[in-house]
Amino acid sequence: MNKNKIFKKFVSHELIKDKYQLEERDIPNNVTRALVSEIPIIKTIAILVDELENNQGINDITLYNKISIYLNKNI
């Protein structure tokens with residue numbers, strides 16, 4: 001499964017859509033667009049998927065730190 005499909009599965013899940021009040025028009029079609037989204041949950045999921053797909057050697061702590069830095073700067 002490619003990263004765009006993985007991203008769409010996560011962000012299109014009813015729990016995510018309901019919790020963050022996302023409409024279909026808010027959800028980018030691919031990770032590249034999601035990485036520049038102004039919606040924090042979309043960008044966060046895109047970062048996770050992108051890092052896990054592109055950097056399979058990344059450890060949990062590094063990934064956690066990357067997400068934490070983004071969230072602390074943007075929320």
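- Put simply, CG on Leu48 and OH on Tyr70 are 11.0 Å apart, with the number rounded to the nearest 0.5 Å.
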Query raised in the report: Going through the distances and angles, do Phe7 and Ile42 end up as a side chain to side chain contact (heavy atoms under 4.5 Å, CB included)?
Result: CA-CA 9 Å; Phe7 166 76; Ile42 288 177; 3.8 Å; yes

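- No donor-acceptor pair closer than 3.5 Å links the side chain of Asn55 to the backbone N or O of Glu51.
- When all heavy atoms of Ile47 and Ile67 are compared, the closest pair comes out as CG2-CD1, 3.4 Å.
- With contacts defined as side-chain heavy-atom distances shorter than 4.5 Å, the pair Ile16/Phe10 does not qualify.
- To the nearest 0.5 Å, atom CG of residue Leu52 and atom CG of residue Leu63 are 5.0 Å apart.
- Taking 4.5 Å as the limit, some side-chain heavy atom of Asn29 sits within range of a side-chain heavy atom of Lys8.
- Smallest separation of non-hydrogen atoms from Pro28 and Arg33: CB-CB, 3.8 Å.
- Closest of all the heavy-atom pairs between Ile6 and Glu53 is CD1-OE2, 3.7 Å.
- For the atom pair CD1 (Ile41) and CD1 (Ile27), the distance works out to 11.0 Å, reported to the nearest 0.5 Å.
- A distance of 8.0 Å separates OH in Tyr20 from CD1 in Ile45, rounded to the nearest 0.5 Å.
- Screening residues 10-26 for salt bridge (charged side-chain N to carboxylate O under 4.0 Å, His left out) gives Glu14-Lys17, Lys17-Glu24 as the qualifying pairs, with residues at least two apart or on separate chains.
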